[in-house]
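All remarks here apply to the structure that follows.
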2 protein chains.
Amino acid sequence: MSDLLERLRGRGWRMTAQRRVVAEVLDGEHVHLTADEVHARAVAKLPEISRATVYNTLGELVSLGEVLEVATDRRAKRYDPNAHRPHQHLVCARCGAIRDVHPTGNPLSDLPDSERFGFAVSDVEVTYRGICPSCAAA
Amino acid sequence: MSDLLERLRGRGWRMTAQRRVVAEVLDGEHVHLTADEVHARAVAKLPEISRATVYNTLGELVSLGEVLEVATDRRAKRYDPNAHRPHQHLVCARCGAIRDVHPTGNPLSDLPDSERFGFAVSDVEVTYRGICPSCAAA
DNA sequence: TAGCCAAGTCAGACATTGTCTAAGTCAGGT
DNA sequence: ACCTGACTTAGACAATGTCTGACTTGGCTA
Ligand SMILES: [Mn+2]
Ligand SMILES: [Mn+2]
Ligand SMILES: [Zn+2]
Ligand SMILES: [Zn+2]
């Protein structure tokens, strides 16, 4: 992700302080932040950055394939910079904590042709749910 | 689902015209309606029924386990009266059409202990995505 | 059957999350 | 340094869902 700015420039995008800051916030940490969390962290670095720009930039990073949108609940979407290695998510049903998980097997092969109804199936999303250790202890 | 009203009564619930109508709307058809779609159909049978009551009743049916909430996209939740046989969903990425599907295998067994991080994993949701025949033709 | 009252319903305010608009600003090429 | 279209901004708007507080009623009791 550190060369993201290069790739953006290569696509003819203007490099702005706002885009740099959003990329910085997502860089490194393997977290799943909401747009407003990204905004809060961006504001710490660039106080005048607007919510709209954060949304715009996140949307751009998603279409670029640099960031994934994760919607595990009805709350705010989460933005996942771990777009490199395919993975699924394990979510705490109580506190909402999210972990990346790497299941074995390919769920796509578990869907027989007779269950595809003529769809061209291209993707599958798996969300595991349970209670995290810290909620179980409490 | 036809004996739902009996079960509700058995739980000490009052039987009202509103609850009867919402149950009727969901009965039978294997569809995935939004709350507002349920409301629209309910209004056809009972013009003065309110949106709040439809939301309340759907929430009650969900806690009863009679109806499932399905959130395949960022749009409105869908209410699924097919709560009897476990199944997953196949969603058209273009038009949003939803089909019930019954994959083989158990995705829970695809998540090794080493990938559970101490969670008590109890449930898994699988959403297949693709293009439906009618969108592919267009 | 009449009366009671807690459970249920209602309209509409409010909350959350995200998108859109239109006016101002600026990055980068010339 | 100047231009210009891409970018940013504040705030309005939209979609979905929740909450409130006054009103209504199902079903029990006598
Ligand atoms: Mn992730
Ligand atoms: Mn279904
Ligand atoms: Zn937890
Ligand atoms: Zn389609």
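Order of the sequence lines sets the chain letters (A, B, ...), proteins ahead of strands, with each chain counted from 1.
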Just verifying a value: how many Å separate B:L90 CG and A:L111 CG, rounded to the nearest 0.5 Å? 6.5 Å
note: A:D73, atom CG; C:dT17, atom C1'; distance rounded to Å ~ 12 Å
Heavy-atom nearest nucleotide on DNA chain D for B:K77 versus A:R19: which residue maps closer to 5'? A:R19
Whole-Å distance separating the NE2 atom of B:H39 from the C1' atom of D:dT16: 14 Å
Is it true that a side-chain atom of B:H39 and a backbone atom of B:I49 form a donor plus acceptor pair closer than 3.5 Å? yes
Could you tell me whether A:K45 and A:E24 make a salt bridge, using a distance below 4.0 angstrom between a side-chain N and a carboxylate O? yes
Under 4.0 Å from any atom of DNA chain C, heavy atoms only: list the residues of residues 43-56 of chain A that qualify, in numerical order. A:R51, A:A52, A:Y55
Rounded to the Å, how far apart are B:L58 CG and D:dT18 P? 10 Å
Verify the contact: side-chain N or O of A:T16 to OP1 or OP2 of D:dA6, cut-off strictly under 4.0 Å; return yes or no. no
Report the distance from atom CH2 of B:W13 to atom C1' of C:dA6, rounded to the nearest whole Å. 16 Å
Nearest-Å distance, CG (A:D36) to P (C:dT19)? 12 Å
Short side-chain donor-acceptor distance under 3.5 Å, B:H89 and B:D80: yes
Please report, rounded to the nearest Å, how far the C1' atom of D:dC7 is from the CZ atom of A:R20. 13 Å
What residue among A:E66, A:M15, A:R20 forms side chain to side chain contact (heavy atoms under 4.5 Å, CB included) with A:L8? A:M15
Round to the nearest Å and state the distance from B:R74 atom CZ to C:dT19 atom P. 10 Å
Would you say A:R75 places a side-chain N or O within less than 4.0 Å of OP1 or OP2 belonging to C:dT17? yes
Relative to the 5' end of DNA chain C, which residue comes earlier, A:M15 or B:R14, by the nucleotide with the nearest heavy atom? B:R14
Report the C-alpha distance between B:D100 and B:H32 in whole Å, list the side-chain angles of each, state the deciding distance to 0.1 Å, and finish with yes or no for side chain to side chain contact (heavy atoms under 4.5 Å, CB included). CA-CA 10 Å; B:D100 287 352; B:H32 304 86; 2.9 Å; yes
Less than 4.5 Å apart, any side-chain heavy atom of B:C95 and any of B:S134? no
At less than 4.0 Å, is any side-chain N or O atom of A:Q18 found next to OP1 or OP2 of C:dC26? Yes or no. no
Mind calculating the distance between CD (B:E60) and P (D:dT18) to the nearest angstrom? 13 Å
